[in-house]
Amino acid sequence: MRRKVQDELMEESEAVNLAADWADISQGLRKDLGHQLHSQWIKPIQLGSLCHDSGTLDLFLPTEFSANWVRDRFSDRLALAWKIARSEVRNVRISVHPGRRQVADLRLHSDGHRPANDGADKSIMAIAADTIGDSGFTSSVGLDASLTFAAFITGEANVLAFNAAQRMAAPEKPQFAPLYLKAATGQGKTHLLHAIGHSYLLAHPRARIFYCSAERFMVEFVQALKSGQTLEFKARLRSFDLLLVDDIQFIIGKASAQEELLYTIDALLAEGKRLVFAADRAPQALDGVEPRLLSRLSMGLVADIQAADIELRKKILGSKLTRFAPLEVPADVIDFLARTITRNIRELVGGLNKLIAYAQLTGQEVSLQLAEEQLTDILSANRRRITIDEIQRTVCQFYRIDRSEMSSKRRARAVVRPRQVAMYLAKVLTPRSYPEIGRKFGGRDHSTVIHAVRLIEDLRQRDADMDGDVRSLLRQLES
């Protein structure tokens with residue numbers, strides 16, 4: 001049993017490390033390819049597992065079309081990037097995710113459980129045909145069973161979107177339609193889409209629910225055009241009671257597909273059915289989308305999910321700790337993670353998982369020092385740009401001295417030591433050189449800055465009070 005737990009923790013730790021490497025690779029590709037190409041073809045890639053025997057890493061895309069496109073154009077570049085990032089990766093295999101070969105391959109009975117025989121993939125064309133006489137109804141819905149309202153942690157940043165999503169799933173007719181969820185990557189919009197589907201299905205066991213990405217919608221529509229089945233496509237698409245479309249920003253181009261989505265929205269709304277869209281930007285900021293479609297997308301309620309504030313991030317971390325009981329995670333570690341990992345919730349939870357996995361695999365206690373040592377990649381990616389002016393201002397407030405003392409010639413200890421701390425922090429937190437830092441401190445020579453940095457480094461090792469001061473200042477500046 002213990003070996004099994006260790007194996008699971010090792011797998012989880014590797015998954016977190018792979019995700020961190022992928023974040024770096026993806027960022028580099030975004031710079032090389034530009035925003036539009038990256039968003040449309042690289043961003044949807046999902047990481048699979050790494051086979052250590054063959055050195056093969058699986059990369060999954062949601063559709064055959066996108067997998068073929070990426071394989072033809074980017075396979076060599078992706079393979080090279082991974083070889084550079086991780087020497088054990090010798091090649092990459094690009095394919096369709098085995099669990100997502102069609103839009104909705106997860107078949108749920110009205111009790112929410114998956115049937116024993118569930119081998120058939122289904123497209124939009126087939127989903128609406130899942131009736132079982134008059135005795136029941138099986139809805140083919142691509143929903144993640146873990147993404148429910150109960151699992152969604154709310155705070156000031158997302159409470160509007162959460163309440164609007166619950167209202168959309170409630171038995172009574174929603175006040176606003178359609179609902180448009182807008183949030184940056186990793187802030188919870190996809191979670192709410194799935195939660196709406198689960199909740200609505202529980203309240204309406206015979207309901208027809210369709211969840212897909214905008215890209216899948218476009219691919220299915222093009223396939224229907226080529227096969228001469230557009231009438232069947234339209235009829236079956238409009239037979240759904242709840243339509244959930246994720247990543248609507250990928251609806252760019254294909255005027256015919258946009259027009260069909262427009263007509264579908266009108267038809268479903270006229271029949272009192274429910275529609276929910278999600279995107280990483282507001283409707284008006286979508287590129288290449290026709291004005292009439294933009295109007296429909298924004299005619300209901302646009303619910304913005306803001307970046308999670310520190311209190312919400314702490315709540316989310318606290319909710320995840322129950323998985324690791326009886327392991328204890330000190331409050332200062334939770335506070336540190338919540339203050340430092342601010343870009344999105346996925347990275348925040350990933351950082352916690354990586355830290356705990358490392359502690360359990362090595363037998364160490366979870367501590368602030370361990371977090372700082374083992375999460376350097378995530379922490380550096382989240383560290384915002386800090387200026388020397390901001391450092392000087394914060395240090396002066398902390399030690400209660402006048403800001404002018406940072407550039408003065410006074411040699412009193414009460415002034416010199418804070419000035420040295422500020423120089424040390426400037427070197428640690430900014431990319432500035434020693435001469436550049438010296439110029440910001442009254443034109444001091446670079447040797448003076450080097451002396452200050454070495455002195456504070458030494459004092460942190462010998463003086464607990466000094467180390468505490470620096471840690472406190474770091475938390476303030478990085479929060």
K.L.:
For the residue pair Arg460 / Tyr424, report whether a side-chain donor-acceptor contact shorter than 3.5 Å exists.
P.N.:
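Side-chain D/A pair, Tyr424 to Arg460: present.
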
K.L.:
Between CZ of Arg346 and CD1 of Ile341, what distance do you get to the nearest 0.5 Å?
P.N.:
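Arg346 atom CZ to Ile341 atom CD1 measures 15.0 Å (nearest 0.5 Å).
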
K.L.:
Whether the Thr185 and Lys43 side chains hold a donor-acceptor pair (N or O, under 3.5 Å, no angle test) is what I'd like checked.
P.N.:
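A donor-acceptor contact under 3.5 Å links the two side chains.
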
K.L.:
Identify the two heavy atoms, one from Ala308 and one from Ile345, that lie closest to each other, and give their separation to 0.1 Å.
P.N.:
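Closest pair (atom of Ala308, atom of Ile345, distance): CB-CD1, 3.6 Å.
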
K.L.:
Against Ile265, only a single residue in Val245, Leu275, Leu243 fulfils side chain to side chain contact (heavy atoms under 4.5 Å, CB included); can you say which?
P.N.:
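The residue from Val245, Leu275, Leu243 that satisfies side chain to side chain contact (heavy atoms under 4.5 Å, CB included) with Ile265 turns out to be Leu275.
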
K.L.:
What distance do Gln374 atom CD and Tyr358 atom OH have between them, rounded to the nearest 0.5 Å?
P.N.:
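Rounded to the nearest 0.5 Å, the CD-OH separation comes out at 4.0 Å.
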
K.L.:
Is any side-chain heavy atom of Gln187 closer than 4.5 Å to a side-chain heavy atom of Asn158?
P.N.:
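Gln187 does not reach Asn158 side chain to side chain.
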
K.L.:
Hey, are the side chains of Asp469 and Val421 touching, using non-hydrogen atoms and a 4.5 Å cut-off?
P.N.:
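The answer is no; the side chains never approach within 4.5 Å.
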
K.L.:
For Ser227 and Gln223, does a side-chain donor sit closer than 3.5 Å to a side-chain acceptor?
P.N.:
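The criterion, which ignores hydrogens and geometry beyond distance, is not satisfied for Gln223 and Ser227.
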
K.L.:
Do we see a donor-acceptor contact under 3.5 Å between the side chains of Glu373 and Gln369?
P.N.:
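Glu373 vs Gln369: donor-acceptor pair found between side chains.
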
K.L.:
Where is the tightest heavy-atom contact between Leu181 and Ala161, given as atom of each residue plus distance?
P.N.:
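The answer is CD2-CB, 4.1 Å.
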
K.L.:
Verify side chain to side chain contact (heavy atoms under 4.5 Å, CB included) between Leu143 and Tyr211, making sure each step is shown before the conclusion.
P.N.:
CA-CA 7 Å; Leu143 299 177; Tyr211 168 82; 4.2 Å; yes

K.L.:
Please name the pair of heavy atoms, one in His198 and one in Leu147, separated by the smallest distance, quoted to 0.1 Å.
P.N.:
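Here His198 and Leu147 meet closest at CD2-O, 3.3 Å.
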
K.L.:
Looking at every heavy atom in both Ile248 and Phe277, which two are closest together, and how far apart are they?
P.N.:
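Answer, listing the atom of Ile248 first, then Phe277: CD1-CD2, 4.0 Å.
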
K.L.:
As a quick check of understanding, evaluate side chain to side chain contact (heavy atoms under 4.5 Å, CB included) for Trp82 and Leu59, giving each step before the final call.
P.N.:
CA-CA 11 Å; Trp82 274 106; Leu59 301 179; 4.2 Å; yes

K.L.:
Could you go through the side chain to side chain contact (heavy atoms under 4.5 Å, CB included) check for Tyr434 and Val453 one step at a time?
P.N.:
CA-CA 10 Å; Tyr434 288 117; Val453 171; 4.0 Å; yes

K.L.:
Under 4.5 Å between any side-chain heavy atoms of Leu57 and Arg86, yes or no?
P.N.:
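The answer is no; the side chains never approach within 4.5 Å.
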
K.L.:
Any side-chain heavy-atom pair from Phe210 and Leu244 closer than 4.5 angstrom?
P.N.:
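No, their side chains stay 4.5 Å or more apart.
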
K.L.:
Dump the intermediate steps for salt bridge (Lys or Arg N to Asp or Glu O under 4.0 Å) on Arg462 and Asp467, then the final yes or no.
P.N.:
CA-CA 8 Å; Arg462 298 185 290 104; Asp467 185 57; over 6 Å; no

K.L.:
Tell me which pairs pass side-chain hydrogen bond (donor to acceptor under 3.5 Å, both in side chains) where either residue lies in residues 52-61, with sequence neighbours left out.
P.N.:
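Applying side-chain hydrogen bond (donor to acceptor under 3.5 Å, both in side chains) to every pair that reaches into residues 52-61, excluding sequence neighbours, yields Glu14-His52, Ser54-Thr56, Thr56-Asn91, Asp58-Arg93.
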
K.L.:
Looking only at side chains, do Asp144 and Ser146 share a donor and an acceptor under 3.5 Å apart?
P.N.:
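Yes, a side-chain donor-acceptor pair sits under 3.5 Å.
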
K.L.:
Parallel, tilted or perpendicular for Phe162 and Phe149, by the 30°/60° rule?
P.N.:
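Ring orientation of Phe162 relative to Phe149: perpendicular.
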
K.L.:
Would you check if the side chain of Glu436 reaches a backbone N or O of Ser433 as a donor-acceptor pair within less than 3.5 Å?
P.N.:
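Judged by distance alone, yes, a pair lies under 3.5 Å.
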
K.L.:
Will you find, in the side chains of Ser26 and His38, an N or O donor that is under 3.5 Å from an N or O acceptor?
P.N.:
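On atom types as modelled, these side chains qualify, holding a pair under 3.5 Å.
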
K.L.:
With no hydrogens and no angle check, do the side chains of Ser367 and Glu365 hold a donor and an acceptor under 3.5 Å apart?
P.N.:
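Not at all, the side chains of Ser367 and Glu365 share no donor-acceptor pair under 3.5 Å.
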
K.L.:
Find the distance between CD1 (Ile316) and CD (Glu311) and round it off to the nearest 0.5 Å.
P.N.:
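Going from CD1 on Ile316 over to CD on Glu311, the span is 11.5 Å.
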
K.L.:
Using a 3.5 Å distance criterion without hydrogens, assess whether the side chain of Lys315 forms a donor-acceptor pair with backbone atoms of Thr154.
P.N.:
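Yes, Lys315 side chain to Thr154 backbone: donor-acceptor pair under 3.5 Å.
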
K.L.:
Could you check whether any side-chain heavy atom of Pro330 comes within less than 4.5 Å of a side-chain heavy atom of Val366, counting everything from C-beta outward?
P.N.:
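Yes. Closest side-chain heavy atoms under 4.5 Å.
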
K.L.:
Are the charged groups of Arg339 and Asp335 less than 4.0 angstrom apart, N to O?
P.N.:
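Looking at Asp335 together with Arg339, the answer is yes, because their closest N to O distance falls below 4.0 Å.
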
K.L.:
List the steps, then state whether side-chain hydrogen bond (donor to acceptor under 3.5 Å, both in side chains) holds for Asp247 with Ser213.
P.N.:
CA-CA 6 Å; Asp247 292 325; Ser213 68; over 6 Å; no

K.L.:
Quick one: pull up CG in Leu242 and CE in Met168 and give me the separation to the nearest 0.5 Å.
P.N.:
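That separation rounds to 8.0 Å.
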
K.L.:
Between the side chains of Arg313 and Asp309, is the shortest nitrogen-to-carboxylate-oxygen separation below 4.0 Å, so that they form an ion pair?
P.N.:
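Here Asp309 does not pair with Arg313 in a salt bridge, since their nearest N and O are not under 4.0 Å apart.
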
K.L.:
Just by distance, do the side chain of Ser199 and the backbone of Ala195 share a donor-acceptor pair under 3.5 Å?
P.N.:
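Pair absent, no side-chain N/O of Ser199 close to backbone of Ala195.
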
K.L.:
Under a 4.5 Å cut-off applied to non-hydrogen side-chain atoms, are Leu317 and Leu321 in contact?
P.N.:
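In short, these two side chains do not touch, never coming nearer than 4.5 Å.
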
K.L.:
Looking only at non-hydrogen atoms, find the nearest pair between Val333 and Leu368 and report the distance.
P.N.:
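Taking every non-hydrogen atom into account, CG2-N, 3.4 Å.
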
K.L.:
How long is the span from the CG atom in Leu477 to the OG1 atom in Thr430, to the nearest 0.5 Å?
P.N.:
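Answer rounded to 0.5 Å: 11.0 Å.
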
K.L.:
With a 4.5 Å limit on heavy-atom distance, are the side chains of Trp22 and Ile45 in contact?
P.N.:
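Yes, close enough: below the 4.5 Å cut-off.
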
K.L.:
Assess whether a salt bridge exists between Glu372 and Arg471, defined as any Lys/Arg side-chain N lying under 4.0 Å from an Asp/Glu carboxylate O.
P.N.:
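A salt bridge is present here (some side-chain N lies under 4.0 Å from a carboxylate O).
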
K.L.:
Are there more than 12 heavy atoms of other residues, nucleotides or ligands under 6.0 Å from atom CD of Glu457?
P.N.:
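Atom CD in Glu457 is crowded, with more than 12 foreign heavy atoms closer than 6.0 Å.
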
K.L.:
Using a 3.5 Å distance criterion without hydrogens, assess whether the side chain of Arg281 forms a donor-acceptor pair with backbone atoms of Gln249.
P.N.:
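Not at all, since once roles are kept as given, no pair shorter than 3.5 Å links the two residues.
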
K.L.:
Could you measure the distance from the CD1 atom of Ile388 to the CG atom of Leu429? Nearest 0.5 Å is fine.
P.N.:
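Reported to 0.5 Å precision, the distance equals 10.5 Å.
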
K.L.:
So, the side chain of Gln258 versus the backbone of Glu290: is there a donor-acceptor pair under 3.5 Å, distance only?
P.N.:
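Looks like yes, one N/O pair under 3.5 Å.
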
K.L.:
Could you list all the salt bridge (Lys or Arg N to Asp or Glu O under 4.0 Å) pairs where at least one residue sits in residues 178-193, not counting sequence neighbours?
P.N.:
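Of all non-adjacent pairs touching residues 178-193, those that pass salt bridge (Lys or Arg N to Asp or Glu O under 4.0 Å) are Lys182-Asp304.
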
K.L.:
Flag yes if more than 12 heavy atoms outside Arg432 fall under 6.0 Å of its CZ atom; otherwise flag no.
P.N.:
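Result for CZ/Arg432: open.
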
K.L.:
Would Leu78 and Val70 count as a side chain to side chain contact (heavy atoms under 4.5 Å, CB included) if you check the C-alpha gap in whole Å, the side-chain angles of each, and the deciding distance to 0.1 Å?
P.N.:
CA-CA 9 Å; Leu78 285 166; Val70 171; 3.9 Å; yes

K.L.:
Is the closest side-chain heavy-atom distance between Thr340 and Leu375 below 4.5 Å?
P.N.:
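Thr340 vs Leu375: side chains apart.
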
K.L.:
Do other residues, nucleotides or ligands put more than 12 heavy atoms under 6.0 Å from the CZ atom of Arg454?
P.N.:
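Open: at most 12 neighbouring heavy atoms sit under 6.0 Å from CZ of Arg454.
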
K.L.:
Looking only at heavy atoms, what is the nearest atom pair of Val395 and Leu425, with distance?
P.N.:
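Looking at all heavy atoms of both residues, the closest pair is CG2-CD1, 3.9 Å.
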
